[in-house]
Number of protein chains: 2
Amino acid sequence: MRRDPDTPTLSDVAEVAGVSTATVSRCLNAPERVLEQTRNRVLEAVRTLGYAPNFGARALAEGRTRTVGAIIPTMENAIFSRGIQAFQEELREHGLTLLIASSSYRPEIEEEQIRALVARGAEGLLLIGFQRNDTIRDFLSARGVPVLVAWAWQDGPAPCVGFDNRAAMADMGGEVIARGHRRLALISADPQVNDRALVRIEGLRDAMREAGLDPASLIVEPTDASLDAGGLAFRRLWERPDRPTAVLCGTDVLAAGALVMARSLGVKVPDQVSITGFADLDLARITEPPLTTMHLPHHRMGREAARMLVRMIAGEPVDSLRLDCALVLRGTLAGPC
Amino acid sequence: MRRDPDTPTLSDVAEVAGVSTATVSRCLNAPERVLEQTRNRVLEAVRTLGYAPNFGARALAEGRTRTVGAIIPTMENAIFSRGIQAFQEELREHGLTLLIASSSYRPEIEEEQIRALVARGAEGLLLIGFQRNDTIRDFLSARGVPVLVAWAWQDGPAPCVGFDNRAAMADMGGEVIARGHRRLALISADPQVNDRALVRIEGLRDAMREAGLDPASLIVEPTDASLDAGGLAFRRLWERPDRPTAVLCGTDVLAAGALVMARSLGVKVPDQVSITGFADLDLARITEPPLTTMHLPHHRMGREAARMLVRMIAGEPVDSLRLDCALVLRGTLAGPC
DNA sequence: CCACGTCATGCAAGCGGTTACATCTGCCCC
DNA sequence: GGGGCAGATGTAACCGCTTGCATGACGTGG
């Protein structure tokens, strides 16, 4: 310990106020249990000394850190930052602080970060998606850290809050097919490392099957989660001999990238090709034409996630929560030409 | 302390491995000081027990938390999330974890969050902008917590890393004026609570003065930092009898909102009005036409901020860092009609 | 063969709080 | 007057980890 020698401690305060450390501690944590006169004397000492409690000591003695952790793929994607913002706001109202880390969509980094946040005293963890290997699962359950999965909903024992990505994408697919499209493509994040992407692919295939189309005819174009990557994926699709008439995208970011690329290729949307997004971020409203997409209640999800995690930390049981999505028809979907 | 009785502690590990707690601690923190054979036995015990160190105890004994805090107005705005992402990545490489909070652009919340993060053991703080009242300044200096201001650069004693918002906006203004515009408007965040916005206004006035225009003729339209708010501000400007020929915006988000509104009002950009942004976010490339804006090196800033803060925490002196911005001419700026 | 250095490990004293329990005081009532 | 009780405060035992110092084993050179 090489702490600053002039940082005052509880016992410094106690000495100045002429009381015991117990009394000082009570003044700070349960003022009503101390005589007003004594309390004033103590608070005066606190003030003159500029005392503030030592975090480590308090955490050790009290057995809790009032801190929760969240690990998201990246803060750069608005799909996460919206929800995390709400999550943090709600946490704050419960007196909890947020420890945050990002995994860059890499499972090994996620694992490292899980360990790091737990080691930093996170009392509960918010994670994205269900995909996770057994060693880290074991670690988590051995440590008894409550984990809430967000941005995804799945029937099962693991507590989660999110959307039924599969059903939502099936809805979107149904809508596209209802417009007469038969040759569909999907620009998606890599389903190997992103289980939300995986179930969205499945959802789209469900819709095709439902409509009597061959799910195997779906062209899946996996790519990174960036604007430019979406654009490049679109170009690859467009260069195919069996060019699709509708390009669905796993996220708005990919769709926006596709749209920009279409524009620069001189392809008219939705006249020559339909494009759809997923998430209904701000950017869905600023593209031209504005993006037909699936609205996800990010804000609500973030808040609910915080509430659920608070209950889980308190040891109360929680039920997973599935939030509704809503198709938002804007300008990028039409019938095939 | 009401900790879970089956969470293993150092001495549990020590017992299982048949060594002292000191040896276990060394295995974890200075492996080279322990015989390989012993070390393996200990690590084996760590694994089977699922041991992870108790944060409070470690922080108390070691006198540090390896945690830094950042308080940003909101994570929803990509202008912050980009930089924070990079900040966190760099922090991780130094073995530090990020505690994050948001102020919603409200000084009193920022103050509360500063206290909260310091109480949670933040060893250093990243804050946005210089505006801050004295009580909280005193608190910070009394506690000796290093503070780095980011997203803004200003000559002065306070360490900071960012852009010269004033000069950058002056550049943008110069460019607009050079195209022949004389009636300028600026859609800006509220300069009362946002010092970056304030100096950007000043920068624009500098450019006007430089060009022989009356800086008082600048129409400033203050508003919230959202897409819709930008749109409404644009409409208010457009309804004025002395309609501006160029509408500069304090951020890309506002500019995108203005652009969308212009489109819905049937106003052609840049033929009837020029619009410029500030920040060069992804969304600047997806508007139609794409946005002329000021590129800010968010990523670089986030990384540098982390490096500087690490040095500050180590007690080393740091120099403020001014990063260069670059005008990006795209499609929303032209001469007046 | 012994003095001495090196290296691995153990012992135990903190680190700065919280809190169960003990103590003390003053008061009420029988 | 003494038993009992309530309320304010003090005492000290933790909480789980790090680390300076002590210990003991072993090897080396004189």
Side-chain angles (χ1 to χ4, degrees), chain A residues 1-43 45-46 49-66 118-121 123 143-144, chain B residues 1-43 45-46 49-67 118-121 123 143:
Chain A
M1 184 72 168
R2 51 206 86 94
R3 56 171 224 72
D4 192 348
D6 52 55
T7 302
T9 71
L10 241 211
S11 62
D12 293 334
V13 176
E15 194 175 346
V16 169
V19 297
S20 72
T21 61
T23 299
V24 178
S25 178
R26 278 190 285 259
C27 276
L28 267 21
N29 301 313
E32 73 286 355
R33 298 191 46 202
V34 172
L35 224 50
E36 182 170 350
Q37 184 190 8
T38 318
R39 197 194 315 150
N40 290 150
R41 202 147 34 90
V42 170
L43 294 181
V46 165
L49 256 43
Y51 169 79
N54 174 295
F55 176 69
R58 194 211 279 265
L60 177 57
E62 209 176 7
R64 45 176 317 190
T65 56
R66 296 170 198 280
V118 169
R120 290 290 185 285
E123 294 181 26
R143 302 253 5 178
Chain B
M1 183 72 166
R2 51 207 84 97
R3 57 172 221 70
D4 191 349
D6 52 56
T7 302
T9 70
L10 241 210
S11 61
D12 293 333
V13 176
E15 194 175 347
V16 169
V19 298
S20 72
T21 61
T23 300
V24 179
S25 176
R26 279 189 284 258
C27 277
L28 268 20
N29 301 313
E32 74 286 355
R33 298 192 46 204
V34 173
L35 226 49
E36 181 170 352
Q37 185 189 8
T38 317
R39 197 194 316 150
N40 291 149
R41 203 146 34 89
V42 169
L43 294 181
V46 165
L49 256 42
Y51 169 80
N54 174 295
F55 175 68
R58 194 212 277 265
L60 178 56
E62 209 177 8
R64 44 176 318 190
T65 56
R66 295 172 199 280
T67 298
V118 169
R120 290 289 184 287
E123 294 181 27
R143 302 250 16 182

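All chains are named by letter (A, B, ...) in the order of the sequence lines, taking the proteins before the strands, and each is independently numbered beginning at 1.
Closest of all the heavy-atom pairs between B/D12 and B/T7 is OD2-O, 4.0 Å. Here the shortest heavy-atom pairing between B/L28 and B/Y51 reads CD2-CE2, 3.7 Å. The two residues B/T21 and B/L10 come nearest to each other via the heavy atoms O-CD1, 3.7 Å.
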What donor-acceptor contacts under 3.5 angstrom involve side-chain atoms of residues 31-43 of chain A, with partners at least two apart or in another chain?
| from | atom 1 | to | atom 2 | distance (Å) |
| --- | --- | --- | --- | --- |
| A/R39 | NE | A/P31 | O | 3.3 |
| A/R39 | NH2 | A/V34 | O | 3.3 |
| A/R41 | NH1 | A/A17 | O | 2.6 |

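The separation between A/R66 atom CZ and C/dG17 atom P is 16 Å, rounded to whole Å. One can place CG of B/N29 at 8 Å from C1' of D/dT18, the figure rounded to the nearest angstrom. Atom CG of A/N54 is separated from atom P of D/dC17 by 16 Å (rounded to the nearest Å). Atoms CG (A/L60) and P (D/dA13) sit 17 Å apart, rounded to a whole Å.
With sequence neighbours left out, the side chain to side chain contact (heavy atoms under 4.5 Å, CB included) criterion links B/R120 to A/F55, A/R66, A/T67, A/T97, B/L99.
Residue-level contact check: A/F55 touches neither bases nor backbone, having no heavy atom under 4.0 Å from any strand.
For D/dC17, neither phosphate oxygen OP1 nor OP2 lies less than 4.0 angstrom from any side-chain nitrogen or oxygen of B/T21.
Side chain of A/R143 to main chain of B/A52: a donor-acceptor pair is present (N/O by atom type, distance under 3.5 Å, no hydrogens or angles).
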Between the protein and nucleotides 5-9 of chain C, are there any N/O to N/O pairs under 3.5 Å, and if so, what are the atom names and distances?
| from | atom 1 | to | atom 2 | distance (Å) |
| --- | --- | --- | --- | --- |
| C/dT9 | OP1 | B/T38 | OG1 | 2.2 |
| C/dT9 | OP2 | B/L35 | N | 2.9 |

